[in-house]
Every structure is written in C-alpha cells, then in structure tokens.
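Each ligand, and each atom within it, is numbered from 1 in the order the structure gives.
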Amino acid sequence: MSQGHYSRIVVLTGAGISAESGIKTFRDNGGLWEQHRLEDVATPEAFLRDPALVQRFYNERRAQLPEVSPNAAHLALAELEKAVGATLVITQNIDDLHERAGSHHLVHMHGELSKARCVKTGQLFRVTEPLDEHSLCTCCVPANALRPHVVWFGEMPLGLDRIFHALAQCDLFIAIGTSGQVYPAAGFVDEALSQGAHCIEVNADHSEISHKFQEHRRGPASVEVPKLVK
Ligand code: BV8
C-alpha cells in the first residue's frame, strides 16, 4: 500500500497490536479471559457484585504499563499520521502504547487503564496507585466511588460520533490485531466497505471478520504494519 494513494485513513487496533510489547491478548491461549471469566470482571454488574475483584483485575493490568513499550507497529502508525494528516487510530485497547508511540489522532473507544472516574459525576482522575473497593473521588461531598475508566460489556463505547464520521469519509480502513468478536468495533469494516473504502486486515491469524477485507497481511503486527505503511 503506498499511502500516497489514500487521503483519509482509519485504523482500528485490538489487543494483537500490543501482544509483542508483552501485553496479553484476550483470546489467544494464555489470554486474559483464561484467568478471569468475562462475566466476573468486565461488566457493571461485576463491579457492583465484587468491586475488589474488578479493581484487582485492572490493577494487575495497569501494573504492566511501566514495564512495556510501544513496538514497531505502534511507531509505524505514528509515522503514518505524520505522512497522512487525516489518519485516525481507533483503539479497542486500554493501554497507553499508541500515545507513547506518538499518535495524536486517537480514540480509546473502550477507555483507558491510566484513568479512573467518579461513578456519580463521571469526572476523570489519573490513577497513580492501585485502586480498591474503598477508592473514592475528590469531586463530591460526601465522596463517591472511583471506577476504572473502562467500557464494560453492555456499556456505550466512547467516541462513536467521531468514529462513525471518520468511517463515512475514509478511503482506506486498516484493522490490526483484532479477533472481530466484539461489537460495535467488529462492524466498523462494514461501514467502511459500504462507502467504498479499501479494507486491509493485519493479523497473525484468521479472524471472525477476515472474509470482509479485500487485502490481508498475515503475520505479526510489528513486521507487517511497518511494511504496510512505508
Ligand atoms: C455495546 C474493555 C451498545 C474492558 C472491552 C449479547 C449480550 C450483551 C452484549 C452483546 C451481545 N451481543 C453483542 C453484544 C455487544 C457486546 C459484544 O460485542 N459482546 C461480544 C462478546 C459478543 N458489546 C458491548 O457490550 C459493547 N457495547 O454494544 O453498547 C451499543 C451497540 C452499538 C452501538 C453503540 C452502542 C461494549 C464492548 C466493550 C467491552 N470492553 N474492553 C477491558 O479491556 O477489560 S472488549 C475487550 O475485547 C477488549 O477491549 C478488546 O477490545 C475486545 C476485543 O478483543 P481484541 O482486541 O480483538 O483481542 P482478542 O484477544 O480477541 O484478539 C486478538 C487478535 O490479535 C487475534 O485475532 C489474534 O490473532 C491477533 N494477534 C495476536 N497476536 C498478534 C496478533 N495480530 C498481529 N500480531 C500479533 N503479534
């Protein structure tokens, strides 16, 4: 793909882009869900039922962040944004590797590990130490509980207006390292296809949505993404 052909690029990333940085994916063997049942940690009901478990699950993942770094795939996307200004990265990931790689046009549609929010006002706070079931906001009197600023199953993803606007305009859609099992993200390729964008999938393996893409780059993101965007 010589990016010169394309003027409005949308990139969707999933856990697979961060795998080579050392962050576990959700569904590959040894993925996160093996240790924790989906229903036990990534739903509002779980947080109400067992806030300590949910806070521990996100503390564990947050603790990884200082130990990992962006890989060549994250860095290549930051370079792509420099070369083609109208590049938007939509990430399903809640790590901070895209921003640390230098991407600025970025939507964290499933939230961010590094932030927590007041359950009452929605005010955001940077997380500087592990949270627990007693963690409280400082924006209310009396204080309310702090929850991870993460989109759980059944909750509305973030930035959808911006996302669907970009999908309606793009001439190139690239999905990197996502199994295509979670909606609405898994349906973004349909939006791009419906208005004539060229769609490329970068994945180490076959995904639930591979058949929808006109072009495939099979292999590790840190190898395939730099090749794709140069
Ligand atoms: C919504 C944050 C309404 C938390 C996540 C039935 C009941 C209830 C709900 C539903 C239902 N059916 C559908 C739904 C909707 C539901 C859903 O999709 N459920 C699924 C399970 C069927 N979705 C929701 O609830 C969403 N909200 O629908 O609101 C709505 C609807 C439409 C429009 C507006 C509103 C909210 C979903 C958000 C859930 N939160 N994350 C947290 O992180 O703890 S989702 C979670 O899974 C991750 O964030 C991740 O984004 C997501 C998907 O995983 P992937 O990123 O794809 O990762 P995975 O491990 O699966 O795959 C990795 C891929 O990488 C693989 O393909 C692998 O081959 C590849 N790979 C691995 N290594 C490499 C590689 N590729 C390249 N290189 C490598 N080295």
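- For a threshold of 3.5 Å applied to N or O pairs, the pair formed by H206 and ligand 1 contains no separation below that value.
- Under 4.0 angstrom from ligand 1, the non-hydrogen atoms of V182 come from both its backbone and its side chain.
- Using modelled atom types, one finds no donor on one side chain facing an acceptor on the other under 3.5 Å when comparing S222 with N71.
- Proximity of A185 to ligand 1, defined as any heavy-atom pair under 4.0 Å, is not found for any part of the residue.
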Between Q55 and S135, does the side-chain hydrogen bond (donor to acceptor under 3.5 Å, both in side chains) criterion hold? Intermediate values first, please. CA-CA 9 Å; Q55 296 286 24; S135 298; 5.0 Å; no
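- Only the side chain of R61 comes within 4.0 Å of ligand 1, judged by heavy-atom distances.
- Taking the charged nitrogens against the carboxylate oxygens, E155 and R147 do have a contact shorter than 4.0 Å, which makes a salt bridge.
- Side-chain atoms of S207 and E201 include a donor-acceptor pair closer than 3.5 Å.
- A donor-acceptor pair under 3.5 Å is formed between the side chain of H108 and the backbone N or O of N93.
- Interface atoms of ligand 1 facing A19, defined by a heavy-atom separation under 4.0 Å, are 73 (N).
- Looking at T178 against ligand 1, both its backbone and its side chain come within 4.0 Å, counting heavy atoms.
- Ligand-side atoms of ligand 1 in range of P220: 78 (N), range being under 4.0 angstrom from any heavy atom.
- In this structure, a donor-acceptor pair under 3.5 Å is present between the side chains of R218 and S210.
- We find that E60 and R62 are not joined by a salt bridge, their nearest charged nitrogen and carboxylate oxygen being 4.0 Å or further apart.
- Of the options R217, E208, E155, the smallest heavy-atom separation from atom 1 (C) of ligand 1 is shown by E155.
- Close approach to G219 involves these atoms of ligand 1, each under 4.0 Å from a residue heavy atom: 77 (C), 78 (N).
- Between A204 and ligand 1, at least one pair of N/O atoms sits closer than 3.5 Å.
- Against a heavy-atom cut-off of under 4.0 Å, L160 is close to the following atoms of ligand 1: 34 (C).
- At under 3.5 Å, a nitrogen or oxygen of A221, whether backbone or side chain, sits near a nitrogen or oxygen of ligand 1.
- Using cut-offs of 30° and 60° for the angle between ring planes, the H98 and H74 rings count as perpendicular.
- Within the 4.5 Å cutoff, side-chain heavy atoms of P184 are placed close to those of P157.
- The atoms of ligand 1 that sit less than 4.0 Å from any heavy atom of G14 are 56 (O).
- At a 3.5 angstrom cut-off on N or O pairs, V151 counts as close to ligand 1.
- Two residues are said to be in side-chain contact when any heavy atoms from C-beta on lie closer than 4.5 Å; L53 and V41 meet this criterion.
- In this structure, of Y58, Y183, F153, F57, the residue bringing a heavy atom nearest to atom 21 (C) of ligand 1 is F153.
- Taking distance alone, with nitrogen or oxygen atoms compared against 3.5 Å, H110 approaches ligand 1 more closely than that limit.
- Close contacts between ligand 1 and E20 involve ligand atoms 78 (N), 79 (C), 80 (N) [criterion: under 4.0 Å to a heavy atom].
- Note: C137 SG to N144 CG = 5.0 Å, rounded to the nearest 0.5 Å.
- Checking only distances, N93 never comes within under 3.5 Å of ligand 1, N or O to N or O.
- Distance alone, capped at 3.5 Å, is enough to place a donor-acceptor pair between the D171 side chain and the S7 backbone.
- The shortest N or O to N or O distance between W152 and ligand 1 is not under 3.5 Å.
- Residue contacts with ligand 1: G154 is placed with a nitrogen or oxygen under 3.5 Å of a nitrogen or oxygen of the ligand (distance criterion only).
- No continuous path of ILVMFWY side-chain contacts below 4.5 Å connects V150 to M109, so the two sit in separate hydrophobic clusters.
- Grouping the Ile, Leu, Val, Met, Phe, Trp and Tyr side chains by contacts below 4.5 angstrom, directly or via other members, places V89 with I9.
- The shortest N or O to N or O distance between A15 and ligand 1 is under 3.5 Å.
- Listed by number with element, the atoms of ligand 1 under 4.0 Å from a non-hydrogen atom of G177 are 63 (C), 64 (C), 65 (O), 76 (N).
- Of the N or O atoms in A42, none lie within a sub-3.5 Å distance of an N or O in ligand 1.
- Near Q181, meaning under 4.0 Å from one of its heavy atoms, ligand 1 places the atoms 20 (C), 22 (C).
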